[in-house]
Amino acid sequence: MTTPLLQLKDLTVTYAVGDQEVPAVRGVDLTLDPGGTLGVAGESGSGKSTVAMSVLRLLPRTAKITGEIALDGEDVTAMKWGRLRAVRWAEASVVFQGAMHALNPVRKIGEQIAEPIRLHPPSGKPLSDTEVDARVAELLTQVDLPPGRAGAYPHELSGGQKQRVMIAMALACSPRLIIADEPTTALDVIVQAQVLALLSRLVAEQDIGLIMISHDLSVLAATCQRIAVMYDGQIVEEGPSAEVMGSPQHEHTRALAAAFPTVGDPVSRFAPATSNPLPPEPAERTAGEPLLAAENLRVSFRDRTGKRIDAVAGVDLTVSRDEIVALVGQSGSGKTTLARTLLGLQKPDSGVVRYAGEPVPSGGAGLKAYRRQVQLVLQDPTSALNPAHTVYEAVAEGPRIHKLADERAVVHRALEAAELRPAEKYADRLPHQLSGGQRQRVVIAGALALEPSVVVADEPVASLDASVRGEILGLLLRLRRELGLAALVITHDLGLAWNIADRVAVMYRGELVETGTVEQVLLDPKHEYTKSLLAALPGGTAQRRTVET
């Protein structure tokens, strides 16, 4: 009988909080055979990362582990420090979430990949610099990166390339088990597909066991043979991926599936998964007059050689009153540069940005007045908020700059509109005292405080888990319906575009290659790039179904 590569029996993890022990994981049983793949799904706080980090005892000292963790038949909980140190990297390794934060920004990536090789040489004897360099080059080749990139720093790599570096580090000592914690979070759909394909290929070629953690069931189904769903520290459903995805039994599994809508599913159109009922969507929506417009907009930058490269190449785009437009495309397509130009944060080489039919002033009081009408919602609320400022101070910054009267009433009204109710409950809190979804609502409240006509939301749910994602999307729809707020939503998530947008604009290499209604673009794409975006969705073109009429 084959010994399981990993076996968890009655795993329980509690954290010491003051004089109390707070349970994070309760009685989890899981088994992974050699070469097997297991996905662990759940929203933030469900315990999935705690389970994964307990395998190598990477939890903080406040954590108490009981139960059995058998790695290749050996009890991890009973290992002495020296043995545990030898097991890490060499027998089991981790691909941590958020490569930008996991990589050291002041060290070259080759040095970072080499570190575990030097600490755990395969023969037990130190390797020469030549041997280490050869192994680093081999690993970079395995993850489809040129060996010459070993001399690059993390900031010189794209998000997908940084994630490949993290995978190369995990493979450095040829482990039998890899734990991948949200390895595709915030990656665009093309890069996500590439990373998932890379993991699948390496697992198959090297007979590696894989545990992948995600809040996106479709990502797990595309990579893993089995899926275990966690809720409130427990496994609530487990089975073959096709069964869990195709016929979920537990209410929480169904909620996770609903949070990431299938492109083409008429049920999820303007109906994101949210606990707050939304007002009914009008049976027919007629586009209002253009409110924000880009006319033949062109923005260029110079590369290291001095060559001028177009980041935005002759773009025409409009956002009308009471309309949500999704601007989609992979990283580097020019979406953010276009948004910065629309907001007056980047000057165009040529072309015009118009608001309500009039050119936007390039500076002075006119530009300041315009920025009050067109507000930005940033992608990462943790980075967007000053950790030393209270919620009140964060939301009050805009009203103070624009010298609005009755500041406290303005701030409280914005917090209430962002569904942080009652406002007094949240006003004096600091960002670390809020959940991820609450922090994103504070960022939205900061934009709403100036009562804008348009918001530009840059990846507003990319860093949020499934249930919170639905709440934020529901909030954007509610603001559109109740306040008539127009929105330009920048995203690489085609499911999000299907969920809330009226129109879609597809950007590729600085150009808008396709625009139209959501149904036109996502169900009947004309451009090859749009087709490639849809094909890269987990499940490929099967994600697209004809809308019932």
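Here side chain to side chain donor-acceptor pair (under 3.5 Å) pairs that include residues 136-151, with residues two or more places apart or in two chains, are Arg135-Glu138, Gln142-Gln206, Asp144-Arg201. Sequence neighbours left out, not one pair with a member in residues 52-68 passes side chain to side chain donor-acceptor pair (under 3.5 Å).
Glu91 and Arg83 are joined by a salt bridge, as a carboxylate oxygen and a charged side-chain nitrogen come within less than 4.0 angstrom of each other. We find that Lys531 and Glu528 are joined by a salt bridge, their nearest charged nitrogen and carboxylate oxygen being less than 4.0 Å apart.
A donor-acceptor contact closer than 3.5 angstrom is absent between the side chains of Thr491 and Asp493. When only modelled atom types and interatomic distance are considered, Ser214 and Asp216 share no side-chain donor-acceptor pair under 3.5 Å. Inspection of the Tyr508 and Gln330 side chains reveals no N or O donor paired with an N or O acceptor under 3.5 Å. At a cut-off of 3.5 Å, with distance as the only test, no side-chain donor of His492 or Gln192 sits close to an acceptor on the other residue. In this model, no donor atom of one side chain and acceptor atom of the other lie less than 3.5 Å apart for Thr12 and Arg26. Side chain to side chain, Glu514 and Thr530 meet the donor-acceptor criterion of an N or O pair below 3.5 Å.
Classified by interplanar angle (parallel below 30°, tilted 30° to 60°, perpendicular above 60°), the ring pair His527/Tyr529 is perpendicular.
Contact of the Thr14 side chain with the Val22 side chain is not registered, since no non-hydrogen atoms from C-beta on lie closer than 4.5 Å.
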For residues 30-42, please give each side-chain donor-acceptor pair under 3.5 Å, one per line with the distance, not counting sequence neighbours.
from, atom 1, to, atom 2, distance (Å)
Thr37, OG1, Gln225, N, 2.8

